[in-house]
Structures are given as structure tokens and as C-alpha cells.
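All remarks here apply to the structure that follows.
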Amino acid sequence: MTGLRVIGDGDKCIASGQCGHLMPDVFDNDDDGIVVVTNPHPDPAFAEGIRHAVEICPAQALSLTSDEE
Amino acid sequence: MTTLPNRTKAPTMTTPAIHQPLADIDLTDTRLWMSDPHPTLHRLRAEAPVHWHESNRGHPMFGHPFWALTRHRDVTYVSRHPELFNSGNGFQVNTHSVGFSDYDTFAMLQADDPYHGWVRALVSKAFTAKMVITAEAYIREITRTVLDEAAALGGEFNFVDEISAKVPIRVIGDMLGVPREDQRLLKTWTDALIDLDDVVIDQHGTPRSAKASAAVTDMFTYLEHLQQLRAANPGDDLISKLMAAEINGERLTWRQQREIFFVLVTAGNETTRNTTSCGVRALAEHPDQRRQLCEDPGLIKQAVEEMLRWGTVVSHFRRTATQDTVIGDQPIAKGDWVVMYYSAANRDPETFTDPDRFDIHRNPKQHVAFGGGGPHFCLGAPLARLQLRVAFEELLARFPSYDLAGPIRFNDSSLFHGIKQLPVRLNSTR
């Protein structure tokens, strides 16, 4: 059984806010607009949306991996 | 050579959009953008939101038809689906780039992955939100110096030249490692490329701008000179960093580096400059809102977002369909050009209530002034936001009752929808 693991790298973030807009259940942005992963182990149903967020992140600051549980 | 018809004349009032057949609307006509484009954009959005815009047959610069998108949701959809709508086939509407022919000047904007991703990863390190936050004191110091210099002029002056343009040029010039004494050249060159008021058609039917050609040549020659200096003596600047950088084990060629500088210099100054000027104008025309910002400078951050939305100084970019697809209900064929009108998306009433109203309390998080999302989203957004916030904090603290002192004038451009003349009196209070 594998689960999803979402990582947002605040050091790469350019605060475009797209991830939070696309997947508000997984990503948020702090006062400076920097990515905050609010749900690092989301339901697999979110995988496709998260993958899209990873692809379009202009700073390539997001990643999605599968965890062995 | 002949002078280009209808392109280089002084602006006139645009025909009221209501009475014009849709097919007669010409979004490539700079006169539309030099007056008020919004009635026309509103009409397109209401009547034909995915509109087939014929090529301008009388105009060799705009010889290709395209889909004109004016709805917010369509602009963001196309932006966020680079697999369906690519950038590698160009991002501009003009089929000839005046004077740019020898160089791939906008290489970074006009690339798809993997090259775009590599270059982007390299360059964006210098522009991350956390990096930019650390630059606030430095940007504030530059802003204060520029305001001091302008205040010393006294009387009326062009706010664009004396203030809006100066801060971003110093910031991007310093970042790139261009010596201060040479930085005015950056403005001269980029101005020549953006305000194309001298276009003529040569005997081959190709549009030419002597000043744009000269500017590109001079700029690339200068950049090569800087590369030679940095190769011998690397510094902490972006030029040195690009020279040292490797992507997948390979160095960027000098030419690729120069193309990247070109984008950074252009994108790093025109846009912030134009949004500053737009905000100065908007606040002068809305003195009640300006007063609120003076009384509560904490509101400036969100006011900047409204300036970005309301001004939208890059009016559009283009994509090309990579396959047969649809936008809304409209079938789009592979190879079709698709143009995202950010200016229209930012005034879409479906997204923004009473969209033509300038309202600092709106906090329009959905605006697309930095692009509609996706991999080409403006990498300078955090830097631009910071410069704009600091500019208005300093300006309003010091000159809360400046006045517009004459008519404003926009760039002769359908792409860079910026103000080039903004006569202002600062009305110094101390």
C-alpha cells in the first residue's frame, strides 16, 4: 500500500500562488505568498490535481512522491 | 520605403466599439491601446469570447490570424495547459519582429520544456520570494535616492522618466552586474524596442525600425563586452552566475546567456515601471483612495495588486495549439494561434465585480497581470511586488498630494500597454 507524499520547497518558491489556487485542500500560501503544504499526505484521489500543480509550478518548487506505508 | 499606415500617427479616439462589426475590431492596432481598449474588450468577451481574429492584411507585421481570448477562465485554462498550448512556436502576435531578426531575443519566453525548465531553474534562484524579501532595505534606499533626485527637479516633470523607470533599472542593472554609469543605456535600448513609433516598410515588405535594430545590436555588443569582463573577473552578479552555471552538464553558450540577459533587462524594467506609473495615475484620479493609503500604509500591499489588475501592462501573450482541442465550446485546430488577452481577463465581470472600477479594497488575488499561471508565470513577480509596495510607501509618505500636471500618453504598442508620459507635480510638503 502506497501513500502520497507532497513536498513544497519554500526556498525555491516565487509566490505565484498557483498551487493554492489549484489544490486548496493541499497547498496554502503564507503572508509573503510562499508555499505551505497543509496536507503532506493527501488522499490518492488528489494525485492528478497535485501532479498538475507540480507540472505548472513556475519555480519547480513542488514534488510528489509515493511513500511505502 | 513607405510609412506604415495608421500605425505611427498620433492617437485618435477609437471608434465606439458598439457600432463596429466584430470582424472590424483590430486588436493589433496600437491606437486602440493608446486610448481606452476596454469597451472593445468587454464587447468581445460578451459577444465572442473565443473570437477568430483575422490577420491584418494591410499590415505586414500582423500577417497571421488568431483566436482572441477575453474571458478570465479561458486565459487561465490555456496558461495552465502548456501541453495543449505551447510557447515554442512564439509568444507574440506579430509575424515579424522588427529589428530582432539576428537574435533570438526573447528565447526564454519562447521555449518549452526541457530547455525552458532548465533556464528557468537557473535564473529563478535569484528571484525566489525568500531572496527578494532580503532586498527590501536595499530597494527602499534606491527608491529614496530616486525620489530625492526627482524632488530636486522642482515643478513639473515626466514621472515615468524620473521615477518609475529609474528604480527598476537600478535594481535589475545591479542584479545583472551592469555598472551604474552604464545603466541608463539599458533604458534607452529597451525603450527603443517597446515604443515602436518609427516603423517603416522596406522594399521587401518587411517592417523595420531603425532605432530598434540599432538598440538590439548595441545591446548585444555591450553584453558581450560585459561577458568578457566577467570571464576574466567573475563577481556575485547574475552575468557571472550564468557564465558558471551548468545544465545537464553543459554550460550555456555566450549567445544563450545574452538572450537571457535581454529578457531580464526588458521584463525587469518595463513592467514594473509601467505599473508604477499606472498606480500613480490611478491614485491621483482617486484621491479618496490615496488618502486611505496615506493614513493606513498597511493597505498598500493589496493596493498594488489592484494596480496590477487595473493597469495590466502586458496586454497579451500568445500560445500555439499542439493538437486539435477546444476552448469553452469552440473547437481549436492544431497549429492555431491562441492569444490570451490579460487586459481583458483582468476586467472580466465574471471574476471581478464592477471590473472597470479601481478599488484598493478589492484584493484581486485572481488577477493575471503576471500571466494566467503555468510554467511561464512571471518569475520576477515577488521582486515586482516588493518594488511596487516600497515605491508607494515612500512616495505617499513624502508626497501625499502630488498632482497630474497634463495629459498622459501611452506607448505606441499593442503589447506593452504602458504610460510613457505622465506629467506630475510632487507638491513637496517638506
Side-chain angles (χ1 to χ4, degrees), chain A, chain B residues 72-73 76-85 87 108-109 112-114 116-134 136 247 298 301-302 304-305 351 363-386 389:
Chain A
M1 177 85 188
T2 57
L4 300 179
R5 188 164 130 85
V6 180
I7 298 171
D9 185 342
D11 290 332
K12 286 187 178 173
C13 181
I14 64 160
S16 78
Q18 296 182 58
C19 51
H21 177 73
L22 275 177
M23 297 299 292
D25 294 332
V26 179
F27 302 104
D28 197 2
N29 303 92
D30 71 13
D31 285 349
D32 293 313
I34 295 171
V35 60
V36 178
V37 180
T38 54
N39 184 0
H41 300 286
D43 190 282
F46 288 140
E48 196 183 330
I50 296 168
R51 245 175 242 122
H52 189 213
V54 170
E55 277 167 23
I56 68 165
C57 172
Q60 300 161 359
L62 309 178
S63 56
L64 174 68
T65 55
S66 294
D67 261 353
E68 294 296 324
E69 281 187 7
Chain B
H72 186 275
R73 61 178 136 125
T76 52
Y77 174 76
V78 167
S79 289
R80 289 172 186 162
H81 289 279
E83 76 287 1
L84 295 175
F85 305 98
S87 298
M108 200 161 129
L109 302 186
D112 295 311
D113 281 344
H116 177 260
W118 290 337
V119 172
R120 180 92 191 205
L122 203 59
V123 176
S124 66
K125 281 181 196 158
F127 293 92
T128 63
K130 285 189 178 175
M131 281 286 283
V132 165
I133 290 166
T134 63
E136 178 164 342
I247 45 180
K301 191 171 177 176
Q302 70 178 51
V304 162
E305 299 302 315
T351 310
N363 204 9
K365 290 194 166 158
Q366 311 275 55
H367 76 70
V368 294
F370 293 119
H376 287 269
F377 185 91
C378 176
L379 70 78
L383 180 62
R385 285 182 158 127
L386 176 63
R389 174 169 64 76

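Keep in mind it's a predicted model, so treat the numbers as computed, not measured. Order of the sequence lines sets the chain letters (A, B, ...), proteins ahead of strands, with each chain counted from 1.
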For the CG atom of B:Leu383 and the CD1 atom of A:Ile14, what is their distance to the nearest 0.5 Å? 11.0 Å
With a 4.5 angstrom heavy-atom cut-off, which part of B:Phe377 approaches chain A: side chain, backbone, both or neither? both
Turns out that what part of B:Leu386 lies under 4.5 Å from chain A's heavy atoms comes down to neither
List in chain and number order the residues that pass side-chain hydrogen bond (donor to acceptor under 3.5 Å, both in side chains) with B:Lys301, two or more places apart in sequence or in another chain; answer none if no residue qualifies. none
Tell me, out of B:Met131, B:His81, B:Arg385, B:Lys365, who's got the most heavy-atom pairs with chain A below 4.5 Å. B:His81
Interface residue of largest heavy-atom contact number with chain A, from B:Gly374, B:Gly373, B:Cys378, under 4.5 Å: B:Gly374
Is any side-chain heavy atom of A:His21 less than 4.5 Å from a side-chain heavy atom of B:Gln366? yes
For residues 48-62 of chain A, run the donor-acceptor check on the side chains, cut-off 3.5 Å, and write out each pair with its distance to 0.1 Å, sequence neighbours left out.
from: A:His52; atom 1: NE2; to: B:Arg80; atom 2: O; distance (Å): 2.7
from: A:Gln60; atom 1: NE2; to: B:Gly117; atom 2: O; distance (Å): 3.3

